[in-house]
Each structure stands twice: as C-alpha cells, then as structure tokens.
There are 2 protein chains.
Amino acid sequence: MTVTLADVAARAGVSAATVSRVLNSNYPVAEATRDRVLRAVAELEYVANGPASALAAATSDLVGILVNDVADPFFGVLASAVQAEMSDGGGPGGEKLAVVCNTGGSPERELTYLTLLHRQRAGAVVLTGGAVEDSAHTAALAARIARLAAAGTQVVLCGRPPLPAAAAGAHAAEAPAANGPRAAGRAAARAVGAGPAPLTVAFDNRGGARALTEHLVGLGHRRIGCVAGPERLTTTRHRLEGHRAALAAHGVEDAPGRTVHGAYDRASGYAAAHELLRRDDRLTAVVAANDTVALGVCAALRERGLRVPEDVSVAGFDDLPFSADAVPALTTVRLPLGHAGALAGRLAMGREPAPPAGVTLLSSELVIRNSTAPL
Amino acid sequence: MTVTLADVAARAGVSAATVSRVLNSNYPVAEATRDRVLRAVAELEYVANGPASALAAATSDLVGILVNDVADPFFGVLASAVQAEMSDGGGPGGEKLAVVCNTGGSPERELTYLTLLHRQRAGAVVLTGGAVEDSAHTAALAARIARLAAAGTQVVLCGRPPLPAAAAGAHAAEAPAANGPRAAGRAAARAVGAGPAPLTVAFDNRGGARALTEHLVGLGHRRIGCVAGPERLTTTRHRLEGHRAALAAHGVEDAPGRTVHGAYDRASGYAAAHELLRRDDRLTAVVAANDTVALGVCAALRERGLRVPEDVSVAGFDDLPFSADAVPALTTVRLPLGHAGALAGRLAMGREPAPPAGVTLLSSELVIRNSTAPL
DNA sequence: CTGTTAGCGCTTTCAG
DNA sequence: CTGAAAGCGCTAACAG
C-alpha cells in the first residue's frame, strides 16, 4: 500500500503533526527533528496525498489557466508566461501545479473547466483570450466566477475585458492579504461569502487596431478590406471598433461588404481574402484579425497573382514570433503577451498588488514592416 | 459557507449516501429520488468537493499531459489532440480534468510535475516530446514513473522511445531531494505492486530523416549541412542517425563540421545556418531539426543573398501547419501528430487496447514541396 | 517545540 | 432501493 504521513511519523519517531509541520514549513520545528523527518520521507519515498491535504486545509496547490486553443501560438506564449510565473511558488514549499486547460473556444467547455477547477478547489484561475459576448453565457460565467471567488479562488482575466459590473457580483471589496495566515482568508471567505474580486489584464485592442488602420490610410489606402475574428467575441469587436474609428476619423467610407468574419486561423484568412476580392477586386489593403489570419490572406492573394505589398498591403495583429519571418515580414500590432501573462500570473498568486479598480490596460504598439506599402 | 453533500441530502430529504449514488450513477437509485436529488443539487448550486471525493475514493478525475513547450506548435497540436481525447470522459459522469503542464524542456521540472501529478493522484499521465538522454535523469524518471504506475496511474509516452528496460526497474536509484543526507534504505519501494505498465506511442524519426536526406541526395546534393536539435535528446539522436544512415547508404561523405546542434526554435536555425556557411560556404542543402528551425535557416540564407531552393535547398521536419504556407513552401517530413495524440489519449484512458509490447510506432511521410530542388 | 484531538466532505460496506 | 457508520490521509487548534 502507499506510504502515508503516519508511516513517516512512525519511522521518524514523531507525531503526524510534526511531519506535517516540517513538510509545510509553516511552523517552527527543531533542526534535529526536521532532519530525522526528512530522512524518513526520503527513505520511504513518501509522496503526500494532495487530495487529503486539500480537504483538510480547504485549499489546494492547483492553479489553472484557461486558453481557447493550445495549438495557437498566441495562447501558447501567453500560457507559457502565466505558467512560469505561477509555477515557481515564490517561496519554499510553494510548489504549485500550474495547469493549462484547453477550451477550444467553446463556452460550454469554459464553464465545465471552471467547475472542474472549482471542484478541485484550485487556488487561482487565469482566463485568457477574448470572451464570447452572449448574455446567457456572460451571466453563467459571472456566476461561476463569483462562486469561485466565494470559495477563495483568485480569478484573473487576461486579454479580455473585465466582467460587466452588474454581473460581477455585489462584492468588489477589499484586496485579500494573500500572504497572511491562510486561516484568516479562509475564515473571511466563509463568513462573508465574498472572496477575492476578479482582476483584469486587458490589451488595448481598440487603440492598436485604430493605429494600424490609420497607418494604412496614411499610406493612401481607401479600399481596405477587413477580415475580422469570430463574431460575438470581445476581441473581435474591439479591433473592429478601432478599425472603424480610424476610417471615420479620416472620412473614409466603410463600405458594408468590406468586412468578413472568420475564425482565428489561416484557413479563415485564406477564404476571407477570396471572398473579399470577389466582392470588390479593387481592394488595395486588408487588415486581418491576427497574424495567422494575415498569412492566410497573403496565400490567397498570391494565388490570385497579387503581390504583397505592391498590389495589396496586408496587416496582421499580435506580432507573434513568426510574423517577423514571414515573407514579406508582417506589419502588425505588437501585444505584450509575455508581459501580460507574467502580470496575470503574479496577480493570481497574490504576488503583485492589485491595480486600481482591478484593471490594468496594456498598450499595444504598431510595428511597421514590409507587408504594407504606399498605394 | 460552501454547500456540501449533506446540505443537498437534507434538502432532498435523503441520506448523503444516496446523493453520492445519484451523482456518481454507480448504483441503482429510484427514478423519483434521483430527480429530487438532482433538483436539490441545482437549487443549491452544489459543486462537489473534488479533494474529498479523491480522498475517499482514492482516485481523482485529474489527468495530465506534459509538454516541453506550450508555445511550440508541435506540442500545441499534440497536446490539443491528447486533451480532446482525454477530456470527453467517454461516458456519463466521466468528466475528466485534462490539464497540460509545461516543463520548458527542463528535466527537473519534468520530475517536479510528475511528483505533483502523483500527489494529486492523477488517473493518467501522458509525457510528450523527446526525452533527455542522461542516465541520472533517465533513472530518476523511470523511478517516478514506476511509482506512478504503482499508484495505479496509467503512464503513456508519446513522441519518445519507451523507457529502457533496465531503467524501468531502477527504483530508488535517484539522488535524494534538495536537503537531507543520502538515504540508505530502499526497503519500502520493494513490495509495491506493479500497476499498469507504461505504454508508448513513438514516431519513426529515424526513418523519416533517412527518407528526407535520401530525397536530397537523389536531387544530387552532396554537401548537406545539418542543423540538429538539442544534444542528448532522443528525438535529435534518432533524426541524426537517420540522416547519417542515408548519407552512408549512398556513399556520401559526412564531413564532421557539417552538423550543428541547437534548440528547436527559429533563432537556433538562423544562427546555425550562419555557422554552417562560415565553415563551408559551398553547402547546397540544409536539413533542419524541424520546420521552425528551417524557417530560421531560410532567413539566414536570404540574408546572405542565397535563394531557396535555387542556391540552397532547405528541408524541415514535422510538417506543422505553417510549413505549407511558408515561402517557399517547406519540404518536410510529416508526423501524424493529431493521430498520435489521440491514440495516446485513448491509451491513457484505457479506451484503446494496449498494443503488443506496449509500443506503437507511427510512420512518417516525406512531403516534397518547393524548398528543395535539384542541384 | 511537539503531541493530542478533532474533523474536512465524500465514498463505501453493511444492514435494513 | 436507501440509511447508518466507518474511515480515506492530512491539517489545525489546543494543550503540554
């Protein structure tokens, strides 16, 4: 049978409580006793029973990261940063099990994972990527998040806007002293039913999109196609709004057929470009939902014998690693993904003071390369 | 206060045992009672306490996937497939929490995650990607895996060779943890039950590499540079062996300076190409460690004014989604990533019969595109 | 500093 | 088919 705390205690000739103390190093223990215990642990190859600890302590060392698509570099980079930050417990014994959960962009799976994580009494959860704008889902999500918070789980939204205040729940109270005695936080969470308020790290998608389209307009483009992301996704809407704001600000007419929606993948960009050209083959520029989509657009353009950027300028979004290498190198909007992920991770672990109003807006930066050129 | 099983039981006017039964649907319960319980669950918004269940049932619904780098599409695609397969419990109530853990290629983190997963009493674990060939690490890894197996966890290796038989039995051979003197006894590990034997899903890296280099040789190339992956990684070694086997089979001399090792990323390919050219600027072809590296090689080549494939042919490996889109489209070796991941996931969940000897070797396929051309 | 004593919330025989 | 009772392995007061 597996070896338990009691076995270790017996072997070391101490009580279970003492073993627990040296393992969690959250209480003074004599040096000699400590050594003895540690030796027993090693000899017996003892591996603590996580569920049992979690049950007794009402908290687990599991922390989750939800992403829309693990196979998408955007999330890969983000998740990697969040995880690196969450994993190193920031202290002895702080070994956290940071795990990433793939929702595949499905709202249901998102909720399911949240429930599963709640079930596991995860210590923190970071939700990345755009949120689906559907009132039913938003409400369900807010409810789940409120319950997670009530259970003492710190929730951080990264790359999506904060929860609507109405849905966020009535308790946007004090910032929890995550470093203090665990018992305090736990007691508070139980008594009040409120927990740590959700925090947010958002990107300035609107501003970035606007700057990008203004760059195109400045180059003389007027017939600009737009391959937007999935409909009803906050990210999509924000980027679209920025794009339109730029158009409006410069008096460029935004013909209705100039926007096509699609997934955040290459195939979508490819199909959208063909569709856009079918509607109007005099397009001189295309702004894509993101870099991956932009690559699909370029492929379609090439296929029709159009050169980038000589005949048509193409712009991406995100500035993923491969964008600089594409041929031609992509003009895009750089999002500080690594920085955002690390910040979200730190916030989740209570290792970073919560920003005012709980929201940090990260600015984006226009990166001009070779895929865009004057008309 | 969070609502517990007892609360639900009270509300439904039944015992806790009954509630447990309907929730796990592992025991006959009267239809009416069942409905009553379910209603109470809904009304109270009850969320089971995972740790408590895990403790009582001695098994959890957590399943893990270890990857070297979440930001690398290779692992993204693989993880996505494994996860999809593991998540859908394959039956009612079979909601598994499939999580991916990012080791960053660090052997220590790999071991840490394995311990953490063991601690959580994970039901299954899939280790993806090449393994580091270091006897100490291999032994430690084998020991961890043996213990996981002993605890009833199904371990599946995906994209790496099976554990050496010798190491698979090497219990307690690892060095003791950070502090604490060397442990003498290993009596405990003795009587442990065997548990499910580790299963393996491997790629034919050797065969793929050989086919690729033969393609190049067939095109007339003789001065072929090789940008291999990180040293001491099984994947690297196998691909290199395939490459050399092809060279040898066709009587092509393999000059010693023609191979450079580096990470599986674009920067490495870029640097390696420059280095290779510095050593011998008459190279006519380069085989890269993988597609990402190949892109870096192409970039370096272009920078030196060399055209691909007119001046130098370049080949990748893996056939990741972006490879078909690169300019020029990459000649590469296609690995059935999705298939492998799904298979590994099914094996892990016991939803697929174990292959003979516990090992499945998946064949690769040469994909010839535009980055390679006759001399 | 260390041992004792209660549970944490759920599953699971064992009876009815 | 349903209930009662006995823990699963660990942590956390509360004494010593």
Side-chain angles (χ1 to χ4, degrees), chain A residues 1-38 40-41 44 46-62 93 118-121 123 151-152 180-187 189-190, chain B residues 1-37 40-41 44 46-62 93 118-121 151-152:
Chain A
M1 211 22 215
T2 51
V3 7
T4 74
L5 233 210
D7 298 329
V8 176
R11 174 114 185 186
V14 298
S15 74
T18 300
V19 177
S20 171
R21 285 172 189 135
V22 348
L23 257 25
N24 296 299
S25 45
N26 56 358
Y27 215 82
V29 173
E31 187 66 28
T33 324
R34 173 188 197 69
D35 288 351
R36 205 138 34 86
V37 170
L38 257 17
V41 166
L44 263 26
Y46 170 68
V47 176
N49 183 314
S53 316
L55 175 55
T59 155
S60 96
D61 57 356
L62 218 205
H118 183 179
R119 219 206 269 310
Q120 298 298 330
R121 300 300 187 260
R182 278 189 298 190
R186 173 179 157 202
R190 295 212 158 160
Chain B
M1 186 59 183
T2 49
V3 9
T4 74
L5 233 209
D7 299 329
V8 175
R11 173 113 185 186
V14 298
S15 73
T18 301
V19 178
S20 171
R21 284 171 189 136
V22 346
L23 258 24
N24 297 299
S25 45
N26 56 0
Y27 213 81
V29 174
E31 187 66 26
T33 325
R34 175 189 196 67
D35 288 350
R36 207 137 34 85
V37 170
V41 167
L44 264 28
Y46 170 69
V47 176
N49 183 314
S53 315
L55 174 56
T59 155
S60 98
D61 57 356
L62 217 206
H118 183 179
R119 219 206 270 310
Q120 298 297 330
R121 301 301 187 258

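Both backbone and side-chain heavy atoms feed into the values below; hydrogens, waters and symmetry mates do not. If you're wondering where the values come from, they're calculated on a predicted model, not measured in any experiment.
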*Below 4.0 angstrom from OP1 or OP2 of C:dT11, is there any side-chain N or O of B:S20?*
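Checking B:S20 against C:dT11: at least one side-chain N or O falls below 4.0 Å of OP1 or OP2.
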Which nucleotide, [options], lies nearest any side-chain atom of [X]?
X     : options               : answer
A:A56 : C:dC8, C:dT4, D:dC8   : C:dC8
B:A57 : D:dC8, C:dT12, D:dC10 : C:dT12
A:T33 : D:dT11, C:dG9, C:dT2  : C:dT2
A:V29 : C:dT2, D:dG3, C:dC10  : C:dT2
B:A30 : D:dA12, D:dC10, D:dT2 : D:dT2
B:A48 : C:dC10, C:dT2, D:dC10 : C:dC10
A:A52 : D:dG3, C:dT4, D:dC10  : D:dC10
A:R21 : D:dG9, C:dT13, D:dC14 : D:dC14

Separation of atom [atom1] in [X] from atom [atom2] in [N], rounded to whole Å:
X     : N      : atom1 : atom2 : answer
B:L5  : C:dC10 : CG    : P     : 4 Å
A:D61 : D:dT11 : CG    : C1'   : 14 Å
B:L55 : C:dT11 : CG    : C1'   : 10 Å
A:E31 : C:dC1  : CD    : P     : 10 Å

*asked:* By the 4.0 Å heavy-atom rule, please label A:V19 as base, sugar-phosphate, or nothing.
replied: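 The residue A:V19 makes no contact with any strand.
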*What nucleic acid atoms does B:A17 come within less than 4.0 Å of, heavy atoms only: base, sugar-phosphate, or nothing?*
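Base contact.
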_Need to verify one output field. Residue with the more 5' nearest nucleotide on DNA chain D, B:R121 or B:T18?_
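In this pair, the answer is B:T18.
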*So which one's nearest nucleotide on DNA chain D is more toward 5', B:Y27 or A:A54?*
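By nearest-heavy-atom nucleotide position, the 5'-most residue is B:Y27.
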Is there a side-chain contact between [X] and [Y] in this structure, where contact means two heavy atoms from C-beta onward sitting under 4.5 Å apart?
X     : Y      : value
B:T2  : B:N49  : no
A:L55 : A:R121 : no
B:E31 : B:D35  : yes
A:V22 : A:L38  : yes

_Test your reading of the model: is there a side-chain donor-acceptor pair from B:R119 to the backbone of A:G50, 3.5 Å cut-off?_
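Side chain of B:R119 to backbone of A:G50: no pair is present.
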